[in-house]
A.B. asks: 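Sharing a structure, written as structure tokens. Questions coming.
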Amino acid sequence: MKQIKLETPKSGSQLVLDTLKDLGVDTIFGYPGGAVLPLYDAIYDYDGIQHILARHEQGATHEAEGYAKSSGKLGVALVTSGPGATNAITGIADANADSVPMLVFTGQVATPGIGKDAFQEADIIGVTMPITKYNYQIRETQDIPRVITEAIHIATTGRPGPVVIDLPKDIAAQEVAYINDTTIDLPSYHPTVEPNAKQLKKIVELLAKKKRPLILVGGGVNYSNGNLALTQFAEKYQIPVVSSLLGLGAMPVENPLFLGMGGMHGSYAANMALAETDYLINFGSRFDDRLASNPSLFLKEAKVAHIDIDPAEIGKIVKTDLPVVGDAKRALEILLTFDAPATDFSKWVSQVQDNAQRAPYSYEPEPNFNKPQEVIKLIGELTNGDAIIVTDVGQHQMWAAQWYPYKSNRQLITSGGLGTMGFGIPAAIGAKLANPDKEVIVFVGDGGFQMTNQELAILNGYHIPIKVVLFNNHSLGMVRQWQEKFYEERRSQSVFDLEPDFQLLAAAYGLKHDKFLDPKTIAEDLKVLTEDVPMVLEVGISREEQVYPMVPAGWHNDEMLGVKFNA
């Protein structure tokens, strides 16, 4: 391999930082430990990269995820060996499930100790192989720039995903005068970005033969920044649009063609459209089981076109008639260049819009409890629908998906595929650091809040004014809901009889805080969100509150519980 002479010798740690900086990385989320001390020593007086000291390695990875999901840039995390690396596993798996471009450096014991059960050694390569797009263990200091360059290329191209670099302590400390050539040479890795135009033409031509077409939009459209082209395509042909959870924001909620989220807690209009369509065009959704709960019945009578950057997703769950591999935005741009065939879907559009009017998302006000749906709706009005919304996982996540008026891509930051409780607060920190000029509001439940609230310690030190809205129902709400519906109301270990005083906890972190219990004053209470300081707002809600509509697991999309029709 060709070698390049350095102007002055550099340590492996200096090479790490210089390479990251040269490739545009300006923020690292991390937590130090013995195996990464050489790298942290280099960070001490390094200019050009900001290091954010997390309070737990899982927090660091979720912060990197929030940074990446909200900006489209690479998220970078740095943890030590052994328990530091294993603490990061959840965030790595979460990023893998949601196709997040992330680079995670894990410290490793010195090379002579590898494989000998050295102190704080873990086989992180073996552990992370199933949950990364790729991983490396560096054995030569000269190889550091090449590996990092290659890793970032892999993480950010094709279907994005996390890449792990395992860095032994002695490799990071060693000084070298030469480095290996950093030219990317990956003969077996050439993701298809440019879609087949002839195949796309067939998608348009089939529209002339169908009466009830429907667009399904997934996270692939948001990740490719294809939201504007998606709206133009839908409006050009007057085709209704349904989204997955991660597809929210690809089309503005207020657009009359948008029917809402489909699937388990999707809208009546969206799920009925999925059940009745005769032609589904899927842009960047992987047909996960929360959307297609019963694949054997899902789209059984419909033709299916599937556009996806990852060929492995096409045909994996649902039989595909028109497969197209490529970037969703590029596919939409090409589709917009074709002459439109003669079509008239006005009757179908009227039908699905009538469904939206007949059974919109709804809730019944209560005199003694705040309604989480109303709180989210009010926050939508206060923020004019422009805030970045981050959620943890559970009932509040679904209410946020249903009730916030999303306008644009990368606006909803949530854990979709893995469903990771504890994601919310650290992801909001990353999102705010990536978007300092945008309002960032995070909805959490009292369960998830107790998993990663130590990250609140970051807020004042780094001047990160996120707004935490804590819905407290003294339970694991979604678990409790399932127990009530499907386990004869046997609430096994899903109710918190004892909880900390969250107001005192927020005060301990030096944060502005308040607790809202009165539904008559909630609209006025929430105006505190306009203050530009980090805060924790606890909102008491009923322990009996449930998320509806609901398609139980294994049921067809038109088999919905809790649908309320207008009189």
Side-chain angles (χ1 to χ4, degrees), residues 10-17 19-20 28-44 51-65 75-96 102-148 150-152 154-155 161-176 180 418 420 422 426 451-452 454:
K10 292 185 178 181
S11 71
S13 296
Q14 290 173 313
L15 290 174
V16 169
L17 297 176
T19 306
L20 290 175
I28 296 174
F29 303 91
Y31 200 93
V36 287
L37 283 179
L39 189 47
Y40 271 90
D41 188 62
I43 287 172
Y44 183 80
H51 181 278
I52 305 297
L53 177 60
R55 294 304 188 263
H56 189 282
E57 290 89 354
Q58 182 181 347
T61 53
H62 292 328
E63 283 149 17
E65 282 190 274
V76 181
L78 168 61
V79 300
T80 194
S81 66
T86 57
N87 280 345
I89 294 301
T90 299
I92 295 169
D94 191 273
N96 189 60
M102 187 162 76
L103 182 60
V104 179
F105 289 92
T106 57
Q108 187 52 274
V109 301
T111 51
I114 293 176
K116 298 178 181 177
D117 298 325
F119 177 67
Q120 290 193 332
E121 181 192 2
D123 178 10
I124 204 64
I125 296 299
V127 170
T128 62
M129 191 172 292
I131 55 170
T132 53
K133 191 173 178 184
Y134 202 70
N135 57 21
Y136 300 83
Q137 185 176 85
I138 300 180
R139 290 301 188 105
E140 292 184 358
T141 301
Q142 293 93 333
D143 226 14
I144 286 175
R146 182 193 68 81
V147 169
I148 292 175
E150 192 173 288
I152 290 177
I154 292 172
V163 176
V164 163
I165 296 179
D166 199 36
L167 184 63
K169 186 174 183 179
D170 56 330
I171 300 299
Q174 183 183 19
E175 196 171 82
V176 294
N180 292 331
L418 199 64
T420 303
M451 290 188 172
T452 53
Q454 74 280 342

A.B. asks: Can you list the steps and then say if Ile131 with Val164 is a side chain to side chain contact (heavy atoms under 4.5 Å, CB included)?
C.D. replies: CA-CA 10 Å; Ile131 55 170; Val164 163; over 6 Å; no

A.B. asks: Taking all heavy atoms of Lys133 and all of Asn96, pick out the closest pair and write down the distance.
C.D. replies: N-OD1, 4.0 Å

A.B. asks: Taking salt bridge (Lys or Arg N to Asp or Glu O under 4.0 Å) as the test, write out the residues that go with Glu150, two or more places apart.
C.D. replies: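 Residues passing salt bridge (Lys or Arg N to Asp or Glu O under 4.0 Å) with Glu150: Arg146.
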
A.B. asks: Without swapping roles, check the side chain of Asp94 against the backbone of Leu418 for a donor-acceptor pair under 3.5 Å.
C.D. replies: no

A.B. asks: Which pair of heavy atoms, one from Pro168 and one from Ile138, lies closest together, and at what distance?
C.D. replies: CD-O, 3.1 Å

A.B. asks: Measure the NZ-CG distance between Lys10 and Leu15 for me, rounded to the nearest 0.5 Å.
C.D. replies: 6.5 Å

A.B. asks: Side chains of Val79 and Val36, heavy atoms from C-beta outward: is any pair under 4.5 Å?
C.D. replies: no

A.B. asks: Which heavy atom of Ser11 sits nearest to which heavy atom of Ala173, and what is that distance?
C.D. replies: CB-O, 3.9 Å

A.B. asks: With a 3.5 Å distance limit and no angle check, can you tell me whether Thr61 reaches the backbone of Ile92 through a side-chain donor-acceptor pair?
C.D. replies: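 Absent.
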
A.B. asks: I need the minimum non-hydrogen distance between Gly113 and Ala118, along with the two atoms involved.
C.D. replies: O-CB, 3.8 Å

A.B. asks: Give a yes or no on whether the backbone of Gly107 and the side-chain of Thr80 come within a donor-acceptor separation of less than 3.5 Å.
C.D. replies: no

A.B. asks: Can you check whether Ile152 reaches Thr19 side chain to side chain, under 4.5 Å on heavy atoms?
C.D. replies: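 Result no, sub-4.5 Å side-chain heavy-atom pair not found.
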
A.B. asks: Using side-chain heavy atoms (C-beta onward) and a distance below 4.5 Å, is Met451 in contact with Thr90?
C.D. replies: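 No - every pair of side-chain heavy atoms lies 4.5 Å or more apart.
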
A.B. asks: Distance check, rounded to the nearest 0.5 Å: Ile165 atom CD1 versus Gln108 atom CD?
C.D. replies: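 Going from CD1 on Ile165 over to CD on Gln108, the span is 14.0 Å.
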
A.B. asks: For residues 103-135, which residue pairs qualify under ring pair (Phe, Tyr, Trp, His ring centres under 6.0 Å), counting only residues two or more places apart or in two chains?
C.D. replies: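 Passing the test, one end in residues 103-135: Tyr134-Tyr136.
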
A.B. asks: What closest approach, in Å, do Tyr31 and Tyr40 show between heavy atoms, and which atom pair accounts for it?
C.D. replies: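 Taking every non-hydrogen atom into account, N-OH, 2.9 Å.
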
A.B. asks: Return the minimal non-hydrogen interatomic distance between Glu57 and Ala88, and the atom names on each side.
C.D. replies: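 So the two residues come closest at CB-N, 4.2 Å.
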
A.B. asks: Taking Glu121 for the side chain and Val109 for the main chain, is one N or O donor matched with an acceptor at less than 3.5 Å?
C.D. replies: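 Between the backbone of Val109 and the side chain of Glu121 there is no qualifying donor-acceptor contact (under 3.5 Å).
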
A.B. asks: Could you tell me the separation between the CG atom of Leu39 and the CD1 atom of Ile43, rounded to the nearest 0.5 Å?
C.D. replies: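 Leu39 atom CG to Ile43 atom CD1 measures 4.5 Å (nearest 0.5 Å).
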
A.B. asks: Under 4.5 Å between any side-chain heavy atoms of Pro112 and Asp170, yes or no?
C.D. replies: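 Yes. Closest side-chain heavy atoms under 4.5 Å.
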
